[in-house]
Each structure stands twice: as C-alpha cells, then as structure tokens.
Amino acid sequence: MTDSQQLRNKFSKILMEDMFQIKPGETVAITIDLTSDRTIVDALASATMAAGALPLIMVVPKAEKESQAGMQYWPSEALTAALCKADVWIEANSMVILYSDIWETAMRENKKLRYLIISDSTIESLDRVFTGFDIPTLKMLLSKVKDIVMSSKKVRITSDNGTDISYDIDLNYMFDIDDGDYSQPKFGTAPGFVNIVPKLASMNGNIVFDILQNSETTSKLEFTMKNGAIVDVIGEKGAEAFKAYLASFNDENMYKISHNMLGFNPGVRKLTRELVEDERIWGGVDFGFGHTSAMDMPPLGQVAKSHFDGVVENTSIYLDDVQITNKGAVCHPELKELAAKLLNN
C-alpha cells in the first residue's frame, strides 16, 4: 500500500467514524465534478460502507464559476431532490455548489443534513487539516475564543504585511465554530476556526492578502475597505485583473464583506495555496466576500452571484482592547494553555 493510499484510508476512517459518527443505514451523498480526485472519493465511499452506511456519488460537469454563478452547469432539480433526502453531504467539487440555490434549498429543507465542504483538496492537505488533534481540546479553545468575541463590540486585525482592518460585532448574526464534530445537523467546513459575520457597513481599513482566491498573481493584493465594501484593489501585479473579475459579476454585493474566520487549526502552520487548508492557518485569518446565507446573516442574508476568500497569516487580533494573538501566536492568558496542548500534541 502506498503512502497516499494510507493517508486516504486514515482520513476517510477518521472523517466517517470519529467526526460524522456515521450510523448504519444512513445515506452519504458525495458530490464531485469531472476533475475531482476519484481516489479520495472512492476511499470515502469505502469508509462509508465499512460503517454500514450507503454512499451516493453524484458526478456533475465542472462549472466555469462557483456558487450561484455556476447554476447553469448543474442538473439542479435532480441534485436538489437527492440532497434533500441524504443524511450527509460531502462536497468535493472543484468549482463549488456552496451558496447556490441547490445548497440553500438543501440546507433549508433537509433538517437532518450534515454538510461538509472539502472542495478539491489534496489528500496531503486533508491529512494535515482533519487528523492529528484532539477534538474536545480544539472545541474548548474555539468555544473560549467565541465567548470572548461575543462579549466584545469591535474587532481589529493587524499584520506586518500592512493589514489594519476593524469592524463592529452584531449579535444578531451567527457566530460559528468548526471543531471536527459533524455528528449533528450543521453547515460544516474543515475544522479549526471561529467564524464572525461583521455588522453591515462597519468594516474599514486595509487588508493585504497573503493568499487571494481567483487572483491570477502570486503578488500580494490589497483591498481598501470602506463601510463594509471593497472600494479599491491595489497591487503591482494583478490588481486590474482582479478588478475585472469582480466587475464580471455585475453584482454590487460581490464587493461586500461576508464573514471573517479566525484560524486555529494546529496542523496548519504555513500557507500551501490550498484554500480549505490556508483559511484555517494557526494565528491567521480568512476574509470572505459576496454571498452570505440567511442562516449566517438573518433574516435575509446577503444574496450575491458567488463568493470568494482571502487569507492573511501571522496576525494580531484585538477584541475591543483585549489582544488574543500576537503575530500569529496565542497570547491571551485564558487560551495559552489550550493552545500549547494542541500545538504540542
């Protein structure tokens, strides 16, 4: 057995048995497109059957754009019908269905659905993100961070790369964590973050991205944010191309902040240009733009044609006047012991 096969088997077993806690007779839907890694999908299907459940693999064309902008490429009626009956949905598409009408309907109508997006991550990345940590310890750390966030009024994030951004907290919106426990119905993503939906029109400052989805350059791009929206894209290379990408949607909500994730995955210590992994880098943050589900931003959400994310590493995070990280290192006294336990596992 090759090293990659061992990683696929380990990841799939942990995901199905420990994280989803799959029960005999459950239906596990796995959506992929024609460019997805079938070896990972086959391993997930085998682990599903080993747990006594039934895999349902659905292959769709690869869309040119993600989310709602990709609807024309997918057999939406059939997909939606199947996903509204599944117990688990793992999305392994390279161009994601997430935030489309298919996803919104399945999440709204299927009250038992446990959803997880892994996109087109490599098995090496999935191994780093999903294995090698203690779920209860990560849950404790993330829950404490979430409690501090929810007791605050303002968030400020800085980095030596030039980022200096702040926004207000709105307790009417969703505050979420993913710690690797997908045993109950939920909108799940990879473990290791606290997610915040900023108060509308409150984000101001500058974000300099170390990684930016859909950017055609490896040079760093900077967003100037005013009242919760992108008002300029700055960079020596790629700025004009990214402005054109944003303009191609002809949708003002694509310029608006959607969410901010504070990253605390102990297995993610450096950027790899695999987005699902990079979004959770320890001591870094992710900023999402565009579509926001009504689940996260009640009552109506922020409807947009698509969604994209960018990552800043080694950040200093301030909740009101309380600093919880310093240049990527956890520094809050109530968090340091749990952080050390996770990092030294």
Side-chain angles (χ1 to χ4, degrees), residues 128-129 132-169 174-180 189-199 202-212 220 222-223 225 257-272 275-288 309-345:
R128 289 189 293 268
V129 173
F133 63 89
D134 180 62
I135 292 175
T137 303
L138 183 60
K139 184 190 292 284
M140 288 177 63
L141 174 70
L142 298 178
S143 296
K144 283 181 177 290
V145 174
K146 177 182 159 185
D147 289 344
I148 299 171
V149 169
M150 293 185 69
S151 65
S152 306
K153 295 182 178 180
K154 184 177 287 290
V155 178
R156 182 185 176 210
I157 298 167
T158 66
S159 171
D160 286 347
N161 73 358
T163 294
D164 193 341
I165 193 79
S166 61
Y167 61 86
D168 295 338
I169 293 290
M174 175 68 75
F175 296 81
D176 192 25
I177 66 172
D178 265 327
D179 51 30
T189 65
F193 71 88
V194 176
N195 190 54
I196 308 166
V197 178
K199 184 177 181 179
S202 72
M203 179 176 281
N204 291 283
N206 301 290
I207 307 171
V208 181
F209 291 100
D210 294 306
I211 297 288
L212 180 59
K220 294 181 180 182
E222 177 179 348
F223 287 180
M225 301 294 299
I257 188 67
S258 168
H259 65 91
N260 174 213
M261 291 163 48
L262 313 182
F264 294 99
N265 187 304
V268 183
R269 309 290 183 88
K270 63 181 180 179
L271 297 174
T272 62
L275 186 64
V276 169
E277 180 174 2
D278 291 341
E279 289 176 325
R280 288 146 183 84
I281 188 167
W282 185 273
V285 297
D286 167 272
F287 295 96
D309 293 82
V311 177
V312 183
E313 63 177 338
N314 296 324
T315 58
S316 297
I317 302 172
Y318 303 84
L319 304 174
D320 290 337
D321 295 325
V322 178
Q323 187 174 8
I324 65 168
T325 66
N326 182 49
K327 298 182 179 182
V330 172
C331 61
H332 192 286
E334 294 182 17
L335 306 175
K336 289 174 70 173
E337 183 177 348
L338 288 169
K341 184 177 180 180
L342 286 164
L343 292 174
N344 296 325
N345 184 31

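Only heavy atoms go into these numbers, but all of them, side chains included; no hydrogens, no water, no symmetry mates.
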Of Thr315, Thr325, Val312, the residue whose pairing with Ile157 passes side-chain contact (heavy atoms from CB on, under 4.5 Å): Thr315
Given side chains that start at C-beta, do those of [X] and [Y] come closer than 4.5 Å, heavy atoms only?
X	Y	answer
Asn260	Ile165	no
Leu335	Ile324	yes
Trp282	Phe264	yes
Val322	Ser152	no
Asn206	Asp164	no
Leu262	Val149	yes
Val155	Ile169	yes

Scan for salt bridge (Lys or Arg N to Asp or Glu O under 4.0 Å) pairs involving [range], sequence neighbours excluded, and state none if there are none.
range	value
residues 312-322	none
residues 134-155	Lys139-Asp179, Lys139-Asp181, Lys154-Asp168
residues 203-212	Asp210-Lys220

Derivation of the side-chain contact (heavy atoms from CB on, under 4.5 Å) call for Val311 and Ile281: CA-CA 9 Å; Val311 177; Ile281 188 167; 4.1 Å; yes
Kindly write out the residues that satisfy ring pair (Phe, Tyr, Trp, His ring centres under 6.0 Å) with [X], not counting sequence neighbours, or none if the list is empty.
X	result
Phe223	Phe209, Phe242, Phe289
His332	none
Phe175	none

side-chain contact (heavy atoms from CB on, under 4.5 Å) assessment of Ser143 paired with Ile177: CA-CA 7 Å; Ser143 296; Ile177 66 172; 3.7 Å; yes
My understanding is that only residues two or more places apart in sequence, or in another chain, count here; which of them pass side-chain contact (heavy atoms from CB on, under 4.5 Å) with [X]?
X	answer
Lys270	none
Glu337	none
Asp309	Gln213, His259, Leu275, Glu279, Asp286, His307
Met140	Leu338

Exercise: do Asp278 and Thr272 side chains pair donor with acceptor under 3.5 Å: yes
Closest contact, heavy atoms only, Pro191 versus Gly180: CB-N, 3.5 Å
Which residues share a salt bridge (charged side-chain N to carboxylate O under 4.0 Å, His left out) with Arg280, sequence neighbours left out: none
Contacts of type salt bridge (charged side-chain N to carboxylate O under 4.0 Å, His left out), residue Arg269, not counting sequence neighbours: none
Stepwise side-chain contact (heavy atoms from CB on, under 4.5 Å) check, Phe287 with Met203: CA-CA 11 Å; Phe287 295 96; Met203 179 176 281; 3.9 Å; yes
Given Asn195, Asp178, Asp176, the one that forms side chain to side chain donor-acceptor pair (under 3.5 Å) with Thr189: Asp178
